[in-house]
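Reading through the structure tokens given below for one structure.
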Amino acid sequence: YEHHKAWADDVQLQRFLIARGYNISKSLDMIVEALQWREKRKPSEIDSQEGWEEKMSKESETGKIYCPGHDRWKRPVLIFDNTVQNTPHVDDHMTFLAFNLEFAIKTMTPEVDKYLVFMHLENFSFFNIPPFASTRETIQMMCTCFPERLGHCIAYRPPGIFRTFFDTVKGFLDPRTVSKMIFITGDVSDGSENDKLLRKIIGDDWKVLTGAEQPRVDDKTSPGYIHHKYWPTVVERLEGIKSRSTSSKANPPLPDPVDSGKADGGDAMPPAPPRDSPVSSADSSAQVPGESEKVAEEVAHLSLEDHSA
């Protein structure tokens with residue numbers, strides 16, 4: 001636990017409580033499983049390991065997973081396209097997924113704690129169904145290791161075989177995750193019902209942002225994805241995040257003036273997200289006083305070797 005103490009802060013523990021309906025025992029089991037996974041994958045350390053940039057760039061070449069920007073709610077958008085898989089090893093795939101989920105979280109602004117996942121499924125088929133080991137750990141990451149981080153998951157143009165695949169794995173998903181799935185089929189032209197829905201969820205530029213209905217560089221690349229343009233932005237964004245982190249540690253910010261409504265530069269502070277927005281954790285208003293402290297006390301005494309999750 002000591003190695004992950006910075007990660008397991010009160011806000012993080014609150015997410016586990018929400019995910020398990022404030023059941024402390026179930027939340028603790030979930031946290032232990034997440035800590036065991038983090039000890040194995042070390043997602044927060046991937047971008048500091050030797051050779052990480054070359055390895056992650058290779059995995060990213062076809063746009064099978066990438067984070068191009070943010071939606072209208074300022075949530076990071078993660079694009080998934082399993083049909084353009086370009087490397088053979090499941091372990092590398094899972095490390096790459098962990099890298100991208102961690103990267104998306106690092107790009108979040110303080111008022112946002114969720115991301116949106118957009119899955120390109122037009123070419124999903126029996127021949128490119130992911131291995132069970134990959135599916136199992138992906139579910140573990142999305143449901144257990146990064147709880148209450150998913151805002152929406154858009155399944156874009158899924159064929160019938162994906163419906164069958166989803167029905168098979170749905171039993172491994174918690175109901176909260178399933179409720180965030182949105183299947184998009186049929187007309188997506190401007191002004192269509194699907195277009196109106198996705199403009200509301202993602203924004204007016206949803207097609208450009210996600211690559212939907214955009215041309216492909218080749219048949220082995222996700223639509224709208226251009227690696228030599230995208231990858232330098234990842235490196236640049238990470239360098240900026242690390243630079244700000246170092247600066248904030250060296251020069252801790254002073255408390256904001258009460259009710260000032262202004263940032264240091266004089267600009268108006270961004271408005272709080274509306275109550276019905278998908279930005280903040282669902283049910284976060286239903287916090288139970290003292291519950292996160294109880295979980296924190298339990299976690300502080302964890303021994304991963306002795307605990308069977």
Side-chain angles (χ1 to χ4, degrees), residues 60 62-84 97 100-101 103-105 107-109 111-125 128 138 142-143 146 148-163 165-167 169-170 173 175-217 221-226 229-230 233 270-282:
S60 181
T62 59
K64 63 189 179 189
I65 308 175
Y66 67 104
C67 182
H70 298 75
D71 67 9
R72 62 173 295 205
W73 305 100
K74 299 182 182 179
R75 298 176 301 182
V77 174
L78 283 161
I79 310 299
F80 287 13
D81 189 346
N82 182 72
T83 67
V84 293
L97 173 57
N100 276 281
L101 294 177
F103 174 63
I105 292 169
T107 68
M108 290 177 180
T109 52
E111 72 272 21
V112 176
D113 73 347
K114 292 186 181 295
Y115 43 66
L116 176 141
V117 171
F118 187 99
M119 299 191 296
H120 282 286
L121 296 167
E122 306 97 307
N123 294 333
F124 189 91
S125 73
N128 54 39
T138 298
M142 303 298 289
C143 297
F146 293 88
E148 294 304 309
R149 286 297 195 180
L150 181 65
H152 288 96
C153 182
I154 310 296
Y156 190 71
R157 295 191 180 280
I161 189 171
F162 178 79
R163 296 273 188 169
F165 172 75
F166 181 72
D167 287 342
V169 302
K170 187 165 63 175
L173 300 171
R176 292 178 66 86
T177 300
V178 174
S179 71
K180 297 170 184 178
M181 293 286 300
I182 297 176
F183 290 79
I184 299 295
T185 58
D187 185 14
V188 294
S189 61
D190 292 352
S192 65
E193 291 304 310
N194 282 328
D195 176 60
K196 292 176 183 177
L197 175 62
L198 291 173
R199 284 174 186 267
K200 181 178 180 181
I201 295 173
I202 303 175
D204 291 342
D205 63 343
W206 71 269
K207 290 181 181 177
V208 174
L209 182 63
T210 65
E213 309 304 311
Q214 303 301 302
R216 297 174 184 262
V217 171
T221 303
S222 190
Y225 181 77
I226 304 175
K229 291 184 177 181
Y230 169 72
T233 73
R275 283 186 174 275
D276 63 347
S277 85
V279 171
S280 301
S281 291

Would you mind reporting whether [Y] and [X] have side-chain heavy atoms less than 4.5 Å apart?
X      : Y      : result
Ile182 : Leu197 : yes
His120 : Thr83  : no
Arg216 : Val84  : yes
Arg157 : Leu121 : no

First locate atom [atom1] of [X], then atom [atom2] of [Y], and finally report the distance between them rounded to the nearest 0.5 Å.
X      : Y      : atom1 : atom2 : value
Trp73  : His152 : CH2   : NE2   : 9.0 Å
Thr233 : Tyr66  : OG1   : OH    : 11.0 Å
Thr138 : Ile65  : OG1   : CD1   : 7.5 Å
Lys200 : Arg72  : NZ    : CZ    : 8.0 Å
Lys170 : Thr177 : NZ    : OG1   : 13.0 Å
Asp81  : Met119 : CG    : CE    : 10.5 Å

| query | Can a salt bridge be assigned to the pair Arg163 and Asp167 using a cut-off of 4.0 Å between side-chain N and carboxylate O? | reply |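 No salt bridge links Arg163 with Asp167.
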| message | Taking the ring of Phe146 and the ring of Tyr115, is the distance between their centroids below 6.0 Å? | response | no
Answer yes or no: is there a donor N or O on one side and an acceptor on the other, between the side chain of [X] and the main chain of [Y], under 3.5 Å?
X      : Y      : value
Lys74  : Thr109 : no
Asp190 : Asp195 : no
Arg149 : Asp113 : yes
Lys114 : Glu148 : yes
His70  : Met108 : no

| Any idea how Phe162 and Phe183 line up, ring-wise: parallel (<30°), tilted (30 to 60°), or perpendicular (>60°)? | tilted
| query | What is the ring orientation for Tyr156 with Phe118, classed by angle as parallel under 30°, tilted 30 to 60°, or perpendicular over 60°? | reply | tilted
Where do [X] and [Y] come nearest, in terms of heavy atoms and distance?
X      : Y      : value
Ser222 : Gly63  : CB-O, 3.5 Å
Ile184 : Pro158 : O-CD, 3.4 Å
Lys207 : Ser189 : NZ-CA, 4.0 Å
Ile226 : Val217 : CG1-CG2, 4.0 Å
Ile201 : Leu116 : CG2-CD1, 3.6 Å

| Going by distance alone, is a donor N or O of one side chain under 3.5 Å from an acceptor N or O of the other, for Trp206 and Asp71? |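 On atom types as modelled, these side chains do not qualify, holding no pair under 3.5 Å.
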| task | For the residue pair Asn194 and Ser192, confirm or rule out a side-chain donor-acceptor distance under 3.5 Å. | result |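 On atom types as modelled, these side chains do not qualify, holding no pair under 3.5 Å.
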Side chain to side chain donor-acceptor pair (under 3.5 Å) against [X], all qualifying residues, sequence neighbours excluded:
X      : value
Ser60  : Tyr225
Asn123 : none
Asn100 : none

| query | Where do Val117 and Met142 land on the side-chain contact (heavy atoms from CB on, under 4.5 Å) test, with the steps shown first? | reply | CA-CA 10 Å; Val117 171; Met142 303 298 289; 3.9 Å; yes
